[in-house]
Amino acid sequence: MYNVDPQQASNFVAGVDRAFMVILGISVFFLVGLTILMIVFIYKYRRDKHPKAIQNEGSTKLEVIWTVIPLVLVLVMFYFGWMGWRPMKHPPEEAMHVKAIARMWKFQFEYENGKITDSLYVPINEPVILDLVALDVLHSLYIPAFRVKEDMVPGQKKVMWFIPGTAGEFNLFCTEYCGLEHSYMLSGVRVMPKEEFDAWIEDTTSVAPVIDTELSLADQGYQVLRNNGCIACHSVDGSRLVGPSFKGIWGHEQPVTTGSEKRTVTVDEEYVKRSIYDPNADVVEGFNKGLMLSYQGMVSEEQVKLIVEYLKTLNE
Ligand code: CUA
């Protein structure tokens, strides 16, 4: 159990804000000081008082002063920056882990019990370690209120940690330009009292994107698409996004590029499955290769069948 100052959203706020205020203070001091000095000199050494300029030939004393003072100032800034940053690199041994997954263009959070959510839920005064996973391109996870920000790099194991100090809701952004809908890649953090969080995490029926088997097969198919973020890139109304729209493709004769060969394929279950598991095998004409990763292991063969049922409804 930790006790973060309840005035502060996380344990890093004080350190980061101190460094910020020190740098801001020094900057304001020099902005005001230099401006005043400049105005005084303009007046004091104006042309009608000093018509002839004098040449000064160096001064060791002055050179030492204007080297040592800035050196001390930047070291002071470095010290406060370093003191605020260093604890961010040392997560505690004992902490709750949450897997933070970023893909174009959605965040997902997976908890130790398998629960998955679109926004982050954490208990107050407990350290949380986010295991950062980027599935496609560079993203960056930023929680301004907590003063934490870290790049998410595909194939690299990175972590971020913090202890929330205030209950409430905070913004969570992607701060690495990651393509067309980067600016819509926003989410939130909800900080809850421990008891409330414990009850929430146990309840695996709420929030977690499960497939509701009460629904029709086509509607379940739509849920699979939504839960996997497919419709961020593939519209269902015919509009063009990063990938081809799903509207009216079922049974359609589709020109594609396979390797270096152009051919026409029929959109059937086999093609849909191949497009999900090996998306760069057949690239639809007019679209680019390499923008989609395989969803093998994330979308099961049963779920592919549900997606097919949904695609059929888009032909009506
Ligand atoms: Cu993800 Cu910007």
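Throughout, residue positions are numbered sequentially from 1 according to the sequence presented. When a ligand or atom number is given, it counts from 1 through the structure's own listing order. Worth saying up front: this structure is predicted, and the values here are computed from it rather than measured.
Judged by the 6.0 Å distance and 45° axis criteria, Lys61 is not positioned over the aromatic ring of Trp66. Geometrically, Arg46 engages Tyr43 in a cation-pi contact defined by less than 6.0 Å to the ring centre and at most 45° from the axis.
A donor-acceptor pair is defined here as one N or O able to donate and one able to accept, closer than 3.5 Å; no such pair exists between the side chain of Asn11 and the backbone of Phe162.
A donor-acceptor contact closer than 3.5 angstrom is absent between the side chains of Thr264 and Glu253.
Each ring pair (Phe, Tyr, Trp, His ring centres under 6.0 Å) pair with one or both residues in residues 294-316, not counting sequence neighbours, appears once here: Tyr222-Tyr310.
Distances from atom 2 (Cu) of ligand 1 under 2.8 Å pick out these protein N/O/S atoms: Cys174 SG, Glu176 O, Cys178 SG, His182 ND1.
Atom CG in Asn280 sits 11.5 Å away from atom OG1 in Thr257 (nearest 0.5 Å).
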